[in-house]
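Side chains included, hydrogens not; waters and symmetry mates left out as well; all remaining heavy atoms used.
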Amino acid sequence: MNAPYDGDRGQGTGGAGYSGGPPVPPGPEQQPAPDPYLQSAYDYDPYRAQDLSAQDPVNEALYDRAAHPPPPPGTYQQPQPLYQQPPAAQYAPDPRIWAQTPPPEPAGPSRHLPYGDNAATTQFVGVDDLVTQASADHDEPDAFAHLFRDQEGPAASPAPAQPEPAPAPPKSGGRASGLLKSSAVMAAGTLVSRLTGFVRSLVITAALGAAMLGDSFTIPYTLPTMIYILTVGGGLNSVFVPQLVRSMKEDKDGGEAYANRLLTLVMVALGLIVAVAVFAAPWLIRLMSSTIADEPAANSVAVTFARYCLPTIFFMGVHVVMGQILNARGKFGAMMWTPVLNNIVMIFTFGMFIWVYGTSHESRMGVDTIPPDGVRLLGIGTLLGLVVQALAMIPYLREAGFRFRPRFDWKGHGLGKTVKLAKWTVLFVFANQAGVLVVTQLATAAGHASGKDGAGFLAYSNAQLIWGMPQAIITVSVMAALLPRISRAAHDNDPGAVRDDISQGLRNSAVAIVPVAFAFLALGVPMCTLLYASTGPEAARSMGFILMAFGLGLIPYSVQYVVLRGFYAYEDTRTPFYNTVIVAVVNAAASALCYVVLPARWAVVGMAASYGLAYAVGVGIAWRRLRNRLGGDLDGAHVVRTYARLCLAALPATVVGGAAGFGLLNVLGNGALGSLVALVCGGALLLGVFFVAAKRMRIEEINGMVGMVRGRLGR
């Protein structure tokens, strides 16, 4: 060994002189000769003169020298030894105990920290605390703030800092938990709203039927939404809402004055729009459907319904502004859940109508036989639903601390930029609504010319409502998780990440969208005969054929939604506008061709197929433009291969499930029981064959979905 062992020095043969404490230095007369070898090996410490507490660069950077100035020159005491030796043990320890209890710390501070800090009150955070407190929401101090304050010159000595109270323990989950909770509330509200809206459409169809009377209500009912979107809705959502959020973050009053100005402006503008629209109701009905306007009885009923429904424009806008004010304050649930109240009021209203007059199949009520009291009941109930929806926001606003006070000082506060900033959004809305207007005119004309129930605009709207629900639930949910990633990648100018996320969104949504689209094609008739049995078998079967024609168009419709998110991630609204114009033109042209070429009985079925064709054309154009935007690569081979293999797996499933469904429907009849059995059996066969075929084809997205489901079920 290089160093001699010195542990037994001073002990007797029996070891009685051993004590577990520190060695006692010998007296002057007993001082042994210095051992230079031992001195150089143990006694020399190159870091003894340095302060160990200043060796941590993080603590040194975080130390605030402005708050703790050094003492004046000449008054600083020389540092004492860092650690004082504890006194010798009074009693010898028990040699049978392996680990001795350490001596207690001295009463006073045993270390001296730089700049006069008190060692008794200085808190040091270890690595374990940093790890366990990583998810807590707290502001990190600026490590270099003292560099700026040191250069501000001499200032008055700061007041002695008061001891801060102990921070409250962080809530479990932190910010991520709050975000997930808000997302869950919004998703649940949206789902419940859509389900109750679907029940509302069922009750409306049962009460008024799918003939001219149903169209005479459906057109005035959709007219306020079109006018609101064309006039205020586009600019409100694209311009005013971002400014509202910005003002709430930057203004001294938390944006309350701006919110009051915006709400006052919207109320005044919508009030004027409602007054003009109610006065021009006959011309608006003619613009929507000349067929209804040329029929005196139908025109009278439609104009009466319109004058009850058009005031809902005012409450639509008020509800949207109030909801955005709440969203800016972190309250997301009210805007998603209050539409459920509107649906409940309308379901109750039309249920009362059915209770008094019976279903349309029982009463055979038409535009010339519906009583004025019935029109008044339905009109007041429709208006009351939107009133309740808007007024239900007031308690939430008061809870959030917002008090509405009308303000008319609009000039000079950024409210006049609407037309300039929302130009492409407004044009986008115009193009979309122009296509809807053409289809409305043609569908009502075809339904009237056919003389059949379920061949008009109401049947088209009901089938489209069923057809669009998977898109709203599946594709929108998938993209909701990917949109933040796509936006961040676009902001970081990373086209490869944008491409990968869009490819993932397309392939993940295709796993559910493709089989559902083929299920509409195979089982559209039993679906509608089950859901709309109260309208009669003829009208229900007609709606089933329309749903079948819509079916496969769900695939390009879903792809279009995902692809356009790529343009929005780059804040490009011009390209979606041009794409929407192309879709609207193709849809209108193909619908007009179907109206001219096909018999009136099948014209609306052809219009439903034209809708999917228009989106297929739009997808081709949007895909090419986004591929060029991302450098010529959009993972097209991988995406097309996935969709093609899913469609190949769905083809035999559609044949088997559709044959079983139609066979059972012919044997058991078109009633509710026969439709239910046909739908359940045909759907089970379709899903079973599709799953087996997809597994045999080894489609990786199917395997991933199955693995996810098994993981959630714990199997």
Side-chain angles (χ1 to χ4, degrees), residues 200-201 203-228 231 270-316 342-343 345-360 363-390 436-437 440-441 443-445 447-448 453 456-462 535:
R200 179 197 63 202
S201 69
V203 178
I204 291 174
T205 306
L208 302 179
M212 183 64 75
L213 179 59
D215 292 348
S216 299
F217 173 80
T218 304
I219 290 175
Y221 180 67
T222 57
L223 184 59
T225 304
M226 294 183 62
I227 296 176
Y228 165 74
T231 55
L270 291 179
L272 296 175
I273 292 171
V274 167
V276 174
V278 170
F279 177 76
W283 291 277
L284 293 174
I285 293 298
R286 179 169 292 278
L287 180 65
M288 294 291 293
S289 174
S290 58
T291 303
I292 292 178
D294 293 337
E295 187 76 20
N299 183 67
S300 176
V301 172
V303 170
T304 304
F305 277 134
R307 284 176 171 158
Y308 280 111
C309 295
L310 286 171
T312 59
I313 299 173
F314 177 85
F315 297 101
M316 285 182 192
N342 174 35
N343 295 332
V345 171
M346 291 195 64
I347 291 171
F348 177 78
T349 300
F350 282 86
M352 290 291 294
F353 184 89
I354 294 174
W355 183 64
V356 174
Y357 300 104
T359 63
S360 63
S363 63
R364 308 303 300 175
M365 188 178 295
V367 292
D368 51 353
T369 59
I370 183 172
D373 291 339
V375 176
R376 191 177 301 111
L377 170 64
L378 298 181
I380 293 176
T382 303
L383 176 59
L384 184 62
L386 265 297
V387 173
V388 171
Q389 173 179 318
V436 174
L437 184 63
T440 303
Q441 286 275 7
T444 52
H448 180 67
D453 292 345
F457 181 67
L458 178 61
Y460 182 93
S461 300
N462 288 341
T535 62

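For Asn299 (side chain) and Asp294 (main-chain N/O), no donor-acceptor pair under 3.5 Å exists by modelled atom type. A side-chain donor-acceptor contact under 3.5 Å links Thr304 to the backbone of Ser300. Thr205 places a side-chain N or O within 3.5 Å of a backbone atom of Ser201 that can act as its donor or acceptor partner.
The structure places CG of Leu437 at 10.0 Å from CG of Leu223, a figure rounded to the nearest 0.5 Å. For the atom pair OG of Ser461 and CD1 of Ile219, the computed distance is 8.5 Å after rounding to the nearest 0.5 Å. Summarising the geometry, atom OG1 belonging to Thr382 is positioned 9.5 Å from atom CZ belonging to Arg200; distances are rounded to the nearest 0.5 Å. Atom-to-atom distance recorded for Thr225:OG1 and Met316:CE is 3.5 Å, nearest 0.5 angstrom. Taking OG1 from Thr222 and CE from Met288, the interatomic distance works out to 4.5 Å, rounded to the nearest 0.5 Å. Atoms CD1 and CZ, on Ile204 and Phe350 in that order, are 4.5 Å from each other to the nearest 0.5 Å.
The closest side-chain heavy-atom distance from Leu270 to Ile273 is below 4.5 Å. A 4.5 Å side-chain heavy-atom check between Leu383 and Thr312 finds at least one atom pair inside the cut-off. By the 4.5 Å heavy-atom criterion applied to side chains, Leu284 and Ile227 are counted as neighbours. In this structure, Phe348 and Val203 have side chains that are not in contact, with every pair of non-hydrogen atoms separated by 4.5 Å or more. For the pair Leu384 and Val388, the minimum side-chain heavy-atom distance is below 4.5 Å. Proximity of Thr218 to Asn462: side-chain heavy atoms (C-beta onward) are nowhere separated by under 4.5 Å. Between Pro224 and Leu310 there is a side-chain heavy-atom pair separated by less than 4.5 Å.
Residues forming a side chain to side chain contact (heavy atoms under 4.5 Å, CB included) with Val274 (at least two apart in sequence, or on another chain): Val278, Pro311, Ile313, Phe314. Take Arg307 and apply the salt bridge (charged side-chain N to carboxylate O under 4.0 Å, His left out) test, not counting sequence neighbours, and it matches no residue. Not counting sequence neighbours, the partners of Ala298 by the side chain to side chain contact (heavy atoms under 4.5 Å, CB included) test are Met212, Ser216, Ile292, Glu295, Val367. Shown here are the ring pair (Phe, Tyr, Trp, His ring centres under 6.0 Å) partners of Phe353, two or more places apart in sequence or in another chain: Tyr357. Partners of Asp368 by salt bridge (charged side-chain N to carboxylate O under 4.0 Å, His left out), not counting sequence neighbours: none found. Partners of Tyr221 according to the ring pair (Phe, Tyr, Trp, His ring centres under 6.0 Å) rule, which considers only residues two or more places apart in sequence or in another chain, are Phe217.
Minimum heavy-atom separation, Thr444 to Ser289: OG1-OG, 2.9 Å. Minimum heavy-atom separation, Thr369 to Arg364: OG1-O, 4.3 Å. Nearest heavy-atom pair across Ser290 and Gln441 is N-OE1, 2.9 Å. In terms of heavy-atom proximity, Pro220 sits nearest to Ile285 at CG-CD1, 4.0 Å. When all heavy atoms of Ala281 and Val303 are compared, the pair lying nearest together is CB-CG1, 4.3 Å. Closest of all the heavy-atom pairs between Gln389 and Asn342 is OE1-CB, 3.2 Å.
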Check step by step if side-chain contact (heavy atoms from CB on, under 4.5 Å) holds for Leu378 and Phe305. CA-CA 8 Å; Leu378 298 181; Phe305 277 134; 3.8 Å; yes

